[in-house]
Q: 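Mind looking over this structure? Questions follow.
Keep in mind that the numbers below use all heavy atoms, side chains included, and drop hydrogens, waters and symmetry copies. Labels below follow one simple rule: chain letters A, B, ... track the order of the sequence lines, proteins then strands, and each chain is numbered from 1.
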2 protein chains.
Amino acid sequence: MREDAHERENIVALEAAAGGAKEKLRLWLRALTFTNLVEGRVRARLRDEYGVTLPRFDMMAALHDAPDGLSMGEVSRRLMVSNGNVTGIAERLEREGLIVRRPMPGDRRSQIVRLTEAGRAAFEEMAVEHEAWIAGMLSGLSEGEVETLHHLLGKAKRSVLGADEGEESA
Amino acid sequence: MREDAHERENIVALEAAAGGAKEKLRLWLRALTFTNLVEGRVRARLRDEYGVTLPRFDMMAALHDAPDGLSMGEVSRRLMVSNGNVTGIAERLEREGLIVRRPMPGDRRSQIVRLTEAGRAAFEEMAVEHEAWIAGMLSGLSEGEVETLHHLLGKAKRSVLGADEGEESA
DNA sequence: CAGATTTGTTTTAAACTTAAACTACTTTGT
DNA sequence: ACAAAGTAGTTTAAGTTTAAAACAAATCTG
C-alpha cells in the first residue's frame, strides 16, 4: 500500500507536470516561428543595405552598450554564444577595422574589445534603421499588446531559468 | 504651403510609425533571448540524451507529420531554411538510416523523403521527451498565460507577414 | 613557494547556414 | 516541335555555430 500511494503520487505529479503540455509545445513552436521570421528579415536587410551579417551586428550592439569595452568572455555571455564563436566574429570585425582588441592591463590572459570610431559610427547608423524595421514589422500590435507580450515573455524566461534549479535535485 | 502640408504629413507619419518603437525593440530582444534560451536547452538535451542535433530533429519532426513523405522543397519551406541546407541534413540522416530518399514518380527532378521505420521509432521516442522538456520549462506559466502568449505571438507573426505587403508600394 | 585548480581565450573538427551558381527536368508560348 | 521561362535539387564558397581540447595566465592551497 505504501507502493500504491507512491504510484498514485507519481501519476498525479506526472499529470500535473503535463498540464497543458500540448498547448505549451504549440506556444513554443509559434514563438520559434515568429523569431525565425523576424530574424530572417533583419538578416536580409542588414546584408542588403549594409553588407553586414547579423552576428557582427549583434557583437557591435553589445560593444556599443559598453563604451569602455568588454572582455571576450563578457561578449560571449551577453550574446549567449560560445567563446570560440566570439573569437571568429571578432577577428573578422577587427580585419574590417570596426573593432580593436587590446590587452587588459593587469590580466594578461584577457583582452578588451572596443568599437573603433568607424565601428561606432557604422553601428549607430544601422541601429536607427534596425529599430525602425522592428517597429515596422510589429506595427500590427497595439502598445498594450506590446506591453503584455513583453511582460509574459519575461515571465516565460524566468520560468525557463527557474526550471533548471528544480532539476538539480532530481 | 503645399510643401508645408507635405512636410507636416511626413512628420506625423514618421511619428506614428515610431509609436512605441523603443518598446517594440525591447520586446523583440526579449523574444530573441527567450527563444535562444529554450533552443539552447533543447539542443543540449537532444545531444546528451539522444546524440541528435536540433536540425535533424526538426527535419524528422516535419517528416513525421507527413507519413507519405515530402519533397525536399516542401521540407525546406516547412523548416524555413534554404534548399541547400536541407540537402546536407538529409544526406546525414540518410547515412544514419533514419530517412530514405526515392525518386518522385512523374517528375524526375524531384525526390520524396520519408522516415524509415527506425527513424519513425527514434523520433517518436524523442518527441515524447521533447514535449515534456518544453512543458517543464514553461511550467511557470498558467494555462491562461500560455493562451494569451500564443494568441499575441500569432498576431505578431501576422503583423510581420503583413508588413511586407505595405512595403512593396513604398 | 610549488603544485593543483580555475579562468580567459584560442584552436580544432564537424555540422549548419545562406546565397549564388549550376544541372536537370518540366511547363509555356508560340 | 521548340525555344524560353520556370522549378527542383545539388554544389560551392564563405561564414557562423557548437563542443571539446589545448593553452596560457592567474589564483588558491598546503
Side-chain angles (χ1 to χ4, degrees), chain A residues 32 35-37 39-60 62 69-96 98-99 101-113, chain B residues 32 35-37 39-60 62 69-96 98-99 101-113:
Chain A
L32 199 52
T35 51
N36 284 343
L37 199 58
E39 202 171 302
R41 277 161 173 70
V42 170
R43 191 187 300 278
R45 295 186 93 155
L46 282 175
R47 173 173 46 77
D48 295 345
E49 299 186 20
Y50 297 105
V52 166
T53 64
L54 185 53
R56 288 177 210 191
F57 177 80
D58 288 342
M59 179 152 177
M60 292 172 81
L70 296 172
S71 69
M72 295 291 277
E74 184 57 28
V75 174
S76 164
R77 273 185 294 281
R78 293 201 186 193
L79 300 185
M80 298 197 294
V81 300
S82 67
N83 269 346
N85 193 351
V86 169
T87 299
I89 295 170
E91 272 166 9
R92 280 163 222 133
L93 281 175
E94 190 164 41
R95 201 189 302 150
E96 294 171 26
L98 298 170
I99 66 169
R101 282 185 287 185
R102 49 179 65 262
M104 163 112 85
D107 188 338
R108 276 179 300 170
R109 292 170 304 181
S110 194
Q111 295 195 74
I112 299 274
V113 194
Chain B
L32 199 51
T35 51
N36 283 343
L37 200 58
E39 202 172 299
R41 278 160 172 69
V42 169
R43 192 188 301 278
R45 296 186 93 155
L46 282 175
R47 174 174 44 77
D48 294 345
E49 300 186 21
Y50 297 105
V52 165
T53 65
L54 185 52
R56 287 178 209 188
F57 178 80
D58 288 342
M59 180 152 175
M60 290 171 81
L70 296 171
S71 69
M72 296 291 277
E74 185 55 28
V75 174
S76 164
R77 273 186 293 281
R78 294 201 185 192
L79 300 185
M80 296 198 295
V81 300
S82 67
N83 267 347
N85 194 349
V86 170
T87 298
I89 296 171
E91 272 167 9
R92 291 179 276 268
L93 281 174
E94 190 164 40
R95 201 190 301 150
E96 294 170 28
L98 299 170
I99 66 168
R101 283 185 285 185
R102 49 179 66 261
M104 161 112 86
D107 186 340
R108 274 178 302 172
R109 293 169 305 181
S110 195
Q111 294 194 74
I112 298 274
V113 195

Q: Could you tell me how far apart Asp107(A) (CG) and dT6(C) (C1') are, to the nearest whole angstrom?
A: 12 Å
Q: Expressed as a whole number of angstroms, how long is the span from Arg108(A):CZ to dT10(C):P?
A: 16 Å
Q: Look at Thr87(B) and dT11(D) and indicate whether a side-chain polar atom (N or O) is within less than 4.0 Å of OP1 or OP2.
A: no
Q: Output the rounded distance in Å from CG (Leu70(A)) to P (dG8(C)).
A: 14 Å
Q: Whether Ser76(A) contacts dT9(C) is assessed here as follows: a side-chain N or O lying under 4.0 Å from the phosphate OP1 or OP2. Is that the case?
A: no
Q: From CD of Glu74(B) over to C1' of dG9(D), roughly how many Å is that when rounded to an integer?
A: 14 Å
Q: Does Glu39(B) reach a base, just sugar-phosphate, or nothing at all? Heavy atoms under 4.0 Å.
A: nothing
Q: Going by modelled atom types, is there a donor-acceptor pair between the base of dT7(D) and the side chain of Arg109(B) at under 3.5 Å?
A: yes
Q: Would you mind classifying the nucleic acid contact of Ile89(A) as base, sugar-phosphate or nothing, using non-hydrogen atoms under 4.0 angstrom?
A: sugar-phosphate
Q: So which protein nitrogen or oxygen atoms get under 3.5 Å of nucleotides 18-20 of chain C's nitrogens or oxygens?
A:
residue : atom : partner  : partner atom : Å
dT18(C) : OP2  : Ser82(B) : N            : 2.8
dT18(C) : OP2  : Ser82(B) : OG           : 3.3
dT18(C) : OP2  : Asn85(B) : ND2          : 3.2
dA19(C) : OP1  : Arg47(A) : NH2          : 3.0

Q: Closer than 4.0 Å, any side-chain N/O of Ser110(B) to the OP1 or OP2 of dG9(D)?
A: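 Result: yes.
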Q: Select base, sugar-phosphate, or nothing to describe what Arg56(B) touches, counting heavy atoms under 4.0 Å on all strands.
A: sugar-phosphate
